[in-house]
Amino acid sequence: MELDNRKIIILKTIIKNYLETGEPVGSRTISKYSGLNLSSATIRNEMSDLEEMGYILQPHTSAGRIPSDKGYRFYVDSIMQDNERKVNEVTGLMIKRVDKLEMLLKNLVKLLAVDTNYAALISGPSLSENKIKYLQLSVPSEKKLLLILVLEGNIIKNEVISIDEDLDYETVLNLTVMLNNHLSGLSFTEISTRVVSDIMLKAGEHSSTVKAVLDAVAEMLEAEEEREIFTSGATNIFKYPELAEIDKASELISAFEEKDQLKKLVSTVTSLSEGDEDNANALQVYIGGEGPIQNMQDCSLVTANYEIGDGLRGVIGVIGPKRMDYEKVLSTMQNLMNQLDQAFKKE
């Protein structure tokens, strides 16, 4: 006899009611609280089965039932499984949030431009300093390797690599373990020549295969160094006479369209915060010539580094005239930082 769904509901109803009242539970109570549309006779038959299976006990004749140790164990295990499922669901939602980070940033930069009435930018997170969590190798076909690279923040990259040899399962497993032992926890910039040399030495006769894997890992990580810049509100510049002159406006619009100078701005803001953990995410204001971009000498810039955990970091910025409403911009930027923290449950 197995515990079907109906028996499970009845058993949980008995346990919950007994925990609350300390009194044996009868068929009427189960009918009332279980949500099952069953007759008392059917419920009594199910209770008899549960008693026979050892999940409940009848303390004395004509009394209701109480849980046995076996019944308590089933109940506790069910709670633990439910909790694990809920944790997995939350984790899944977090991964989806990271996967949809681009959409979030696009929405936030639009909101920032509308709220401030200036031009705004948000950089996608830099992953060049993101650390490798682990990699997995498998053999999809002859002389092919599937490389799955997982970075902090649950960023997943994969690539099929052509190799010069056929590998069995045990060899692939050993190579996977060896590579993880050397690369796990390292960022792209931390994978030194010495690390690569040690890996190649231990690869032995499979050095050509391992070299192909390392080249693929390097290409995946190098590709992430190119940050995407999301912008909004560039046309707000024309609202301010001092920036609306044809030459000045043209230069600013060009900077927003081509984005090379914005990438320089992001890189400068990021580098200035490195090594200063106390002020890493503090708001910074650049007025006129203090800014790092030549074409924006007539503007003021307000920037901040955002961090949403697991190595995902980027830059938020507002660009406007020197007479911008600094109080409003700083307040809006701080609120935006708080929203990012809350959205990604940063602690």
Applied to residues 318-330, the salt bridge (charged side-chain N to carboxylate O under 4.0 Å, His left out) test, sequence neighbours excluded, yields Glu242-Arg323
List the atom pairs, donor and acceptor, that lie under 3.5 Å between side-chain atoms in residues 159-166 and the rest of the protein, sequence neighbours left out.
{"residue": "Ser162", "atom": "OG", "partner": "Lys144", "partner atom": "NZ", "Å": "2.8"}
{"residue": "Glu165", "atom": "OE1", "partner": "His206", "partner atom": "ND1", "Å": "3.1"}
{"residue": "Glu165", "atom": "OE2", "partner": "His206", "partner atom": "ND1", "Å": "3.1"}
{"residue": "Glu165", "atom": "OE2", "partner": "Thr209", "partner atom": "OG1", "Å": "2.5"}
{"residue": "Asp166", "atom": "OD1", "partner": "Lys143", "partner atom": "N", "Å": "3.1"}

Looking at residues at least two apart in the chain, or sitting in another chain, which of them share a side chain to side chain contact (heavy atoms under 4.5 Å, CB included) with Glu23? Thr21
Residues Lys110 and Asn107: side-chain donor-acceptor under 3.5 angstrom: no
Heavy atoms, side chains only, cut-off 4.5 Å: are Val139 and Leu145 in contact? yes
Using a strict threshold of under 4.0 Å (side-chain N to carboxylate O), is an ion pair present between Asp77 and Arg73? yes
pair Leu137-Val213: side-chain heavy atoms closer than 4.5 Å: yes
For Tyr326, enumerate each residue passing the side chain to side chain donor-acceptor pair (under 3.5 Å) test, keeping only those at least two apart in sequence or located in another chain. Ser300
Taking only residues two or more places apart in sequence, or in another chain, which ones meet Ser192 in a side chain to side chain contact (heavy atoms under 4.5 Å, CB included)? Arg194, Val195
side-chain hydrogen bond (donor to acceptor under 3.5 Å, both in side chains) pairs touching residues 26-37, sequence neighbours excluded, are none
Salt bridge (charged side-chain N to carboxylate O under 4.0 Å, His left out) with Arg6: which residues, sequence neighbours excluded? Glu46
Sequence neighbours excluded, the answer for side chain to side chain donor-acceptor pair (under 3.5 Å) partners of Asn17 is none
Determine, step by step, whether Val25 and Thr13 satisfy the side chain to side chain contact (heavy atoms under 4.5 Å, CB included) criterion, reporting the C-alpha distance in whole Å, the side-chain angles of both residues, the deciding distance to 0.1 Å, and the verdict. CA-CA 9 Å; Val25 182; Thr13 302; 5.6 Å; no
Distance-minimising heavy-atom pair for Phe74 and Ile8: CZ-CG1, 3.8 Å
Residues that Glu51 engages under side chain to side chain contact (heavy atoms under 4.5 Å, CB included), provided they are two or more places apart: Ile56, Gln58, Arg65
Taking only residues two or more places apart in sequence, or in another chain, which ones meet Tyr240 in a ring-ring contact (aromatic ring centres under 6.0 Å, His included)? Tyr118
In chain order, what residues pass the salt bridge (charged side-chain N to carboxylate O under 4.0 Å, His left out) check against Asp69, with sequence neighbours excluded? none
Does one side chain, of Asn335 or Thr332, offer a donor that lies under 3.5 Å from an acceptor on the other? no
Members other than Phe238 in its cluster, when Ile, Leu, Val, Met, Phe, Trp, Tyr link by side-chain heavy atoms under 4.5 Å? Ile253
